[in-house]
**Student:** 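Got a structure for you, questions after.
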Amino acid sequence: QELVRQGEALKRTEQMVDKMDQDLKTSQRHINSIKSVWGGLVNYFKAKPPESKPEQNGAPEYYANSRLKEAMISSKEYESKYQESHPNLRRLDNSDDDFNKADLVSSVQRDAYPKNQQLRAYHQKIDTNLDEMSSGLSRLKSLALGLQTEIEEQDDMLDRLTKKVETLDVNIKNTDRKVRQL
């Protein structure tokens, strides 16, 4: 969730940099008008730039990647089931349920376990715990893959933003120099 929030902040920052670039272009027009009569005439006859949203350079409205969203949703769904089945998180009065579940196991599965009742119960409990660990690891894997994709997308956004800021910095310095010359 923090990564998604940071992605939204990056998107807003990129939009602000684009707006600053547009404002700088407008400032350039005004400086040209002030600088000389010829610049004022050129600006007068030159078409005004359209008042539209800043250029996004292929950066549509920010949404977290679908892989991360799906992993977060499935993780939240799994969380309640996990808390119900976890030995330290479930209620104490359900402790006899494990042995009742062992009675429901089919005869085919019973043959796979030792004949000793206690040993069979322990083997089944171990198998259940391994299944829970497997599903937990699967959930962690999907979250990790979603996070990886989101980080890669935000890294690309940071690279794009860095280039825009560097260009904007050069343009601001040039504009400042022109203003000082006036």
Side-chain angles (χ1 to χ4, degrees), residues 1-86 88-89 131-182:
Q1 289 174 342
E2 180 66 19
L3 197 58
V4 171
R5 187 194 63 75
Q6 289 174 357
E8 292 168 352
L10 279 174
K11 181 63 182 169
R12 284 191 305 273
T13 303
E14 187 174 21
Q15 289 171 345
M16 287 189 284
V17 167
D18 288 340
K19 174 78 169 99
M20 289 171 64
D21 189 45
Q22 254 187 352
D23 292 343
L24 190 62
K25 288 176 183 176
T26 303
S27 298
Q28 286 287 358
R29 288 178 48 89
H30 293 299
I31 289 172
N32 287 343
S33 296
I34 294 171
K35 194 171 183 180
S36 68
V37 174
W38 180 250
L41 287 173
V42 168
N43 282 340
Y44 179 76
F45 289 110
K46 198 176 196 181
K48 286 187 177 181
E51 291 292 326
S52 63
K53 289 188 175 181
E55 180 183 336
Q56 297 298 320
N57 288 345
E61 188 174 328
Y62 184 80
Y63 297 107
N65 67 37
S66 60
R67 184 181 235 175
L68 180 60
K69 281 184 178 180
E70 290 171 10
M72 287 173 56
I73 289 169
S74 67
S75 178
K76 286 180 182 179
E77 290 172 358
Y78 181 77
E79 186 176 342
S80 63
K81 289 193 320 187
Y82 174 74
Q83 286 181 352
E84 290 173 4
S85 66
H86 192 278
N88 292 333
L89 299 176
D131 289 341
E132 288 177 13
M133 287 173 57
S134 174
S135 65
L137 288 173
S138 173
R139 184 175 53 95
L140 285 174
K141 178 184 176 185
S142 66
L143 281 170
L145 291 173
L147 289 172
Q148 176 188 10
T149 306
E150 182 71 18
I151 288 171
E152 288 172 353
E153 289 175 4
Q154 287 186 18
D155 189 41
D156 293 341
M157 192 182 303
L158 280 171
D159 289 342
R160 193 172 58 239
L161 186 60
T162 301
K163 289 175 186 175
K164 286 180 179 182
V165 168
E166 288 172 353
T167 303
L168 187 62
D169 185 46
V170 168
N171 290 341
I172 287 173
K173 287 179 181 176
N174 288 338
T175 303
D176 186 46
R177 184 178 40 83
K178 288 179 183 179
V179 167
R180 291 184 191 277
Q181 287 176 352
L182 289 177

**Student:** Taking only residues two or more places apart in sequence, or in another chain, which ones meet Asp176 in a salt bridge (Lys or Arg N to Asp or Glu O under 4.0 Å)?
**Tutor:** Arg180

**Student:** Kindly compute the distance separating CG (Asp18) from OG1 (Thr13), expressed to the nearest 0.5 Å.
**Tutor:**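 Rounded to the nearest 0.5 Å, the CG-OG1 separation comes to 11.0 Å.
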
**Student:** Start with the C-alpha distance between Glu153 and Met157, add both sets of side-chain angles, then the distance that settles side-chain contact (heavy atoms from CB on, under 4.5 Å), and finish with yes or no.
**Tutor:** CA-CA 6 Å; Glu153 289 175 4; Met157 192 182 303; over 6 Å; no

**Student:** Are Glu2 and Arg5 ion-paired here, with the side-chain N under 4.0 Å from a carboxylate O?
**Tutor:**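 Salt bridge: yes.
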
**Student:** Just how far is it from atom CG of Asn174 to atom CD of Gln28, taken to the nearest 0.5 Å?
**Tutor:**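 Going from the CG atom of Asn174 to the CD atom of Gln28 covers 7.5 Å.
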
**Student:** Going by the side-chain contact (heavy atoms from CB on, under 4.5 Å) test, name the single residue among Gln6, Arg12, Lys11 that passes it with Glu8.
**Tutor:** Arg12

**Student:** So how far is it from Lys173 NZ to Leu168 CG, rounded to the nearest 0.5 Å?
**Tutor:**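 Spacing of NZ (Lys173) from CG (Leu168) equals 11.0 Å.
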
**Student:** Which distance, rounded to the nearest 0.5 Å, do you find between the CG of Asp23 and the CD1 of Ile172?
**Tutor:**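 Atom-to-atom, Asp23:CG and Ile172:CD1 are 10.0 Å apart.
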
**Student:** Once rounded to the nearest 0.5 Å, what's the spacing between atom CZ of Arg29 and atom OG1 of Thr26?
**Tutor:**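 One gets 7.5 Å once the value is rounded to the nearest 0.5 Å.
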
**Student:** Is there a donor-acceptor pair closer than 3.5 Å between any side-chain N or O of Ser138 and the backbone N or O of Ser134?
**Tutor:**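 Not confirmed, Ser138 side chain does not pair with Ser134 backbone.
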
**Student:** Would you please name every residue forming a side chain to side chain contact (heavy atoms under 4.5 Å, CB included) with Gln181, sequence neighbours left out?
**Tutor:**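 Once residues adjacent in sequence are excluded, the partners of Gln181 under the side chain to side chain contact (heavy atoms under 4.5 Å, CB included) criterion are Arg177.
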
**Student:** Identify whether the distance between the nearest side-chain nitrogen and carboxylate oxygen of Asp21 and Lys164 falls below 4.0 Å.
**Tutor:** no

**Student:** Answer yes when Asp156 and Arg160 have at least one side-chain N-carboxylate O distance shorter than 4.0 Å, and no when they do not.
**Tutor:** no

**Student:** Atom OG1 of Thr175 and atom CG of Leu24: how far apart are they, to the nearest 0.5 Å?
**Tutor:**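 If I round to the nearest 0.5 Å, the distance is 4.0 Å.
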
**Student:** Can a salt bridge be assigned to the pair Lys163 and Asp159 using a cut-off of 4.0 Å between side-chain N and carboxylate O?
**Tutor:** no

**Student:** Are the side chain of Gln154 and the backbone of Leu3 linked by a donor-acceptor contact shorter than 3.5 Å?
**Tutor:** yes

